[in-house]
Amino acid sequence: MPIRQTTNRSAERMLDILDCFMGGDELALMEVAQKVGLPTSTAYRLMQTLEARGFLKRDDAKRFSLGEKVGDLIEAYTGGRFDLLRCAAMHPMEALSGKHNETVRLFVRDGGYKLCVEAVESTRDLRHIVKIGERHNLIRGAAGKVLLAYMPEPQRRAILESDQLEEKIRKVYTDGYAVSFGEREEGLVGIAAPVFFGTDQMIATVSLSGPTSRFTESDLPEKIQDTLACAGRITRELSACWQYKLGGSTS
């Protein structure tokens, strides 16, 4: 029994360590040790094990980040669960990204987080990168606000920090889209719109994002309309894909 307890405790600590990297950060050993409340020597031993198994990697500056094994798990998780959604979304996302040469992403809600399940990156040097499989807080950013706006109110209130935020989220629901300025990262603008399954079940949100210098006041109306149009097209494509799948399964 003591051996099993020790093994379980080590596994819990390893999971705590991996949680430190959920935002896609690169962290030094001391930073991880402080975050999880472990002695540096203990954290280093556990991180060495994670590194040896491919769950962490280390650069020349001895900073750690998530390793390739995590990417394999992410691909298995997002690919299997969201194949139909990703298939329906890809062409509309490519069209939106191609028109403005900005990054387009597709998010779903994963508990209290937004999970990126698909992305089309801008080809510009200055762009903001969120990798497929990354999770971020729902409260910050346009995509999170859209996901919050369509949540059942009791669940939403459990996440929101104030009545003022609740009012902003209700406005997103009324407007049918969200715009954020520097909420997740200074100098970044995001526009997001809901994707539906059927007529009223919101299942995802598509976002267009880039630096403020390319999202000026004169540019915003067109970018908002194009993002809404992209979300609408994904909704229609998803319905068509679902009908095709049903037809294929019964033929």
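Note that this is a predicted model, so its numbers are computed, not measured.
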If I compare all heavy atoms of [X] with all of [Y], which pair ends up nearest, and what's the gap?
X      : Y      : value
Ala204 : Val108 : CB-CG1, 4.0 Å
Phe197 : Ile203 : CB-CG2, 3.8 Å
Gly176 : Pro194 : O-CD, 3.1 Å
Lys145 : Ile139 : NZ-O, 3.1 Å
Leu188 : Gly210 : CD1-O, 3.4 Å

Do [Y] and [X] meet the salt-bridge criterion of a basic N to acidic O distance under 4.0 Å?
X      : Y      : result
Asp59  : Arg63  : no
Arg214 : Glu102 : yes
Arg157 : Glu153 : yes
Arg58  : Glu26  : no
Glu166 : Arg170 : yes

Item to complete: Keeping the roles fixed (side chain from Arg156, backbone from Met151), state whether a donor-acceptor pair exists under 3.5 Å.
Response: yes

Fill in: Audit row: Glu51, Lys69, salt bridge (charged side-chain N to carboxylate O under 4.0 Å, His left out) steps and yes/no
CA-CA 10 Å; Glu51 183 182 15; Lys69 184 62 70 67; over 6 Å; no

Within-4.5 Å side-chain heavy-atom neighbours: [X] and [Y]:
X      : Y      : answer
Leu38  : Leu46  : yes
Thr205 : Leu106 : no
Leu18  : Leu50  : yes

Practice prompt. Kindly check if the number of other-residue, nucleotide or ligand heavy atoms within 6.0 Å of OH (Tyr150) is above 12?
Written response: yes

Discussion item. Tell me whether the count of non-hydrogen atoms from other residues, nucleotides or ligands lying under 6.0 Å of CZ in Arg53 goes above 12.
Written reply: no

Practice prompt. Mind checking the OG1-CG spacing from Thr212 to Asp219? Nearest 0.5 Å is all I need.
Written response: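 Output value for this atom pair is 11.5 Å.
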
Item to complete: With rounding to the nearest 0.5 Å, note down the distance linking SG in Cys87 to CD in Glu237.
Response: 8.5 Å

Discussion item. Could you tell me if Ser209 and Ser207 have a donor-acceptor pair between their side chains, going purely by distance under 3.5 Å?
Written reply: no

Fill in: Single hit among Asp19, Asp16, Leu15 for side-chain contact (heavy atoms from CB on, under 4.5 Å) with Val36
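Checked Asp19, Asp16, Leu15 against Val36; only one passes side-chain contact (heavy atoms from CB on, under 4.5 Å): Asp16.
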
Discussion item. Tell me which one of Glu94, His100, Lys99 satisfies side-chain contact (heavy atoms from CB on, under 4.5 Å) with Leu96.
Written reply: His100

Fill in: Cation-pi check, Lys223 onto Phe215 ring (under 6.0 Å, within 45° of axis)
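The answer is yes; both the distance and angle limits are met.
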
Worksheet item: Strictly under 6.0 Å, is that where the ring centroids of Phe21 and Phe64 end up?
Response: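 Judged by ring-centre distance (under 6.0 Å), Phe21 and Phe64 do not meet the cut-off.
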
